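This chain uses plain numbering: 1 for the first residue, then up along the sequence. The structure displayed is predicted, hence computed values, not measured ones.
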Amino acid sequence: MMSWLISVGLLLLVLSPSSEAQDTVSKMCRSDELCTSVKRCEDSDDSGGMAIGPRSSRSCGDRRVCCETAQLESWDRSQSSKSRAVSSSIRDKVSSLEPPPNESCGLNMECVPRKLCRDHVINDSGIDLINPRISTIPCSKSLYRCCAVDEQVDESESPYVAKLADFKYKNCGYSNPQGLIPDNDKFNYTEDVSIFGEFPWMVGIFTGRQSFLCGGTLIHPRLVITSSHNVINETVDTLVARVGDWDLNGLNEPFPHQGSRIKEIIMHPEFDQKRLFNDIALLLLDEPIVLAPHIQPLCLPPPESPELINQLLSATCYSTGWGAKQADSDKLENVLKRLNLPVVEHDECQARLRNTRVSTRFRLRPSFMCAGGDGKDTCKGDGGSPLFCTMPGERDRYQLVGIVSWGVECGVEDIPAVYTNVPYLRSWIDEKIRGLGITLQAQ
């Protein structure tokens, strides 16, 4: 008995004073675990995966779970030496995530990221090359091209560098409908996958240890809009916004992503954490984002009106995100997905939802809107991501109309998903933006 008490005492001495109050020994946990808060176990996760939930989900109390002691100790050590400066290990993807490409596609030819090959020698078919042994098989990875070994270049000499310097920003909401890949891309993308740079306002929100938290939308070089329910348990010290990303696990995009810490989190004062009313938040970035071909803000919609609702019902709308494709999966998608979703009228959506487990007395509050219900749907991990629709009279220019909030099921026919109603909350957005001294460009 005495030796057990001594072991517990030594264990608690290792932990910081703040963690002592959170971490306790529990009979519900194994000998190598402590009982701690769900958030602390999530924040300290060091499994290397992109899972959102904690490593262990065995409960040991109200909103408390069993979590590995070694994991908690490692987290406390890293936090004690943590600097406020943004390190590349937090802001950016780690270069070791993907090994150097070495797939052969012919004699003295290799599959390399597009940005590392001079544009004028890219060759997919081997046509006009003398040696008949050159393969006609395309590269097996997206964003890779078959390139002559002597025409490969260092990243600093990439032909894409000049394209960044020549970029001229027009206005908010303009998509890149063909993506930002200059040569004819023969990679077999599925219908629900976006092309690199197609929707340049997409933002990934990450916790300090590179764990993906949620999606967001760039509406100004210093402003991201997202859902309150995803950031309510976070602080400015725990979040990083990454813009211009496409493949979360890759480093081969033609243009680099940018990252910034968060200076301020502004949640709607009437956000209801249980029922998700007014599920909206603004993130003020610590550093302004430099606009580029693959990084541009999305337009905000006008305030809600019958005219706007009629326009949205006939508009082309999409939602993008890295969330799971299946309701029973926690696995995020590496590459940004794209879902073409119709907006569903308020009363029709309410009627459809009343046929589900939310019951016949369910009322769809005005801070919500609906989309989908045709078998395509946003799902787990898509929270905070945008729902955007074409602007009147435009085909490739969009405005933000919704934020992924909640759903009864994922991808079930006749059951729409529920989004934060951005037009309804436009006055609150304007008020907060004015308070920050920020002016949005006239549309």
Nearest heavy-atom pair of Pro386 and Thr217: which atoms, and what distance? CB-OG1, 3.0 Å

Taking Arg397 for the side chain and Cys172 for the main chain, is one N or O donor matched with an acceptor at less than 3.5 Å? yes

Starting at CD1 of Ile219, measure out to CG of Leu283 and round the result to the nearest 0.5 Å. 9.5 Å

Donor-acceptor pair, Arg222 side chain versus Leu285 backbone, under 3.5 Å? yes

For the residue pair Glu345 and Leu313, establish whether any side-chain heavy-atom pair is separated by less than 4.5 Å. yes

What's the separation between atom CG in Leu440 and atom CD1 in Ile433, rounded to the nearest 0.5 Å? 4.0 Å

Ignoring hydrogens and angles, tell me if any N or O in the side chain of Arg357 forms a donor-acceptor pair with the backbone of Val408 under 3.5 Å. yes

Acceptor/donor pairs from residues 191-206 side chains to any protein atom, 3.5 angstrom cut, sequence neighbours excluded:
residue : atom : partner : partner atom : Å
Asp192  : OD1  : Thr190  : OG1          : 2.7
Asp192  : OD1  : Lys325  : NZ           : 3.4
Asp192  : OD2  : Lys325  : NZ           : 3.2
Ser194  : OG   : Trp246  : NE1          : 3.4
Ser194  : OG   : Leu336  : O            : 3.0
Glu198  : OE1  : Ile195  : N            : 3.0
Glu198  : OE1  : Arg338  : NH1          : 3.4
Glu198  : OE2  : Arg338  : NH1          : 2.8

Are the side chains of Leu387 and Ile403 in contact, using a 4.5 Å heavy-atom criterion? no

Go through Ile309 and His346 one step at a time and tell me if the side-chain contact (heavy atoms from CB on, under 4.5 Å) criterion holds. CA-CA 9 Å; Ile309 293 172; His346 179 277; over 6 Å; no

Apply side-chain contact (heavy atoms from CB on, under 4.5 Å) to residues Ile295 and Phe167 and explain how you reach the verdict. CA-CA 11 Å; Ile295 302 174; Phe167 171 69; over 6 Å; no

So Val231 and Thr226, do their side chains get closer than 4.5 Å, heavy atoms only? yes

Locate the shortest heavy-atom distance separating Ser228 from Ile280; write the atom from each residue and the value. OG-O, 2.5 Å

Ion pair present between Arg261 and Asp237, side-chain N to carboxylate O less than 4.0 angstrom? no

Side chain proximity check, Gln399 to Pro302, heavy atoms < 4.5 angstrom: yes

Just do the side-chain contact (heavy atoms from CB on, under 4.5 Å) check on Leu72 and Leu34 with the steps written out, would you? CA-CA 9 Å; Leu72 297 171; Leu34 289 174; 4.1 Å; yes

Check whether Asp279 reaches the backbone of Leu276 with its side chain - one donor and one acceptor, N or O, closer than 3.5 Å. no

Of all the heavy-atom pairs spanning Thr356 and Leu353, show the shortest one and how long it is. OG1-O, 2.5 Å

With a cut-off of 6.0 Å (strictly less than), are more than 12 heavy atoms of other residues, nucleotides or ligands near CD of Glu413? yes

What distance separates Asp347 CG from Arg352 CZ, expressed to the nearest 0.5 Å? 12.5 Å

Is Asp430 salt-bridged to Arg426, going by a charged N under 4.0 Å from an acidic O? yes

If you measure from CG on Leu291 to NZ on Lys170, what distance do you get to the nearest 0.5 Å? 13.5 Å

Please determine whether side-chain hydrogen bond (donor to acceptor under 3.5 Å, both in side chains) holds for the pair Asp286 and Ser260, giving the CA-CA distance in whole Å, both sets of side-chain angles, and the decisive distance to 0.1 Å. CA-CA 6 Å; Asp286 197 34; Ser260 175; 5.7 Å; no

To the closest 0.5 Å, what do you measure between CG (Leu284) and NE2 (His220)? 9.5 Å

Is the shortest side-chain heavy-atom distance between Met391 and Pro301 below 4.5 Å? no

Return yes if some donor-acceptor pair links the side-chain N/O of Arg363 with the main-chain N/O of Arg361 below 3.5 Å, else return no. no

4.5 Å side-chain heavy-atom contact, Tyr398 and Ser175: yes

For the pair Tyr424 (side chain) and Ser427 (backbone), establish whether a donor and an acceptor sit closer than 3.5 Å, ignoring hydrogens and angles. no

In sequence, state the C-alpha distance, the side-chain angles, and the governing distance for Asn230 and Ser227, and then conclude on side-chain hydrogen bond (donor to acceptor under 3.5 Å, both in side chains). CA-CA 6 Å; Asn230 283 108; Ser227 53; 2.5 Å; yes

First locate atom CZ of Phe212, then atom CG of Asp245, and finally report the distance between them rounded to the nearest 0.5 Å. 10.0 Å

Test your reading of the model: is there a side-chain donor-acceptor pair from Asn421 to the backbone of Met369, 3.5 Å cut-off? no

Quick check: closest heavy atoms across Asn278 and Leu425, and the distance to 0.1 Å? OD1-CD2, 3.6 Å

State, without any angle test, whether Tyr174 and Asp396 hold a side-chain donor-acceptor pair at a distance under 3.5 Å. no

Within the distance-only criterion (no hydrogens, no angle test), does the side chain of Glu253 pair as donor or acceptor with the backbone N or O of Asp247 below 3.5 angstrom? yes

Sub-3.5 Å donor-acceptor pair from the side chain of Ser405 to the main-chain atoms of Tyr419, do we have one? no

Would Leu300 and Ile429 count as a side-chain contact (heavy atoms from CB on, under 4.5 Å) if you check the C-alpha gap in whole Å, the side-chain angles of each, and the deciding distance to 0.1 Å? CA-CA 9 Å; Leu300 288 177; Ile429 298 171; 3.8 Å; yes

Considering non-hydrogen atoms only, spot the tightest contact between Thr235 and Ile265 and give its length. C-CD1, 3.9 Å

Contact between Leu218 and Ile225 at the side-chain level, heavy atoms closer than 4.5 Å - yes or no? no

For Thr320 and Phe388, the nearest pair of non-hydrogen atoms, with its separation, is OG1-CE2, 3.7 Å

Do Gln311 and Pro392 have side-chain heavy atoms sitting under 4.5 Å apart? yes

Asp272 side chain vs Arg275 backbone, donor-acceptor pair below 3.5 Å: yes

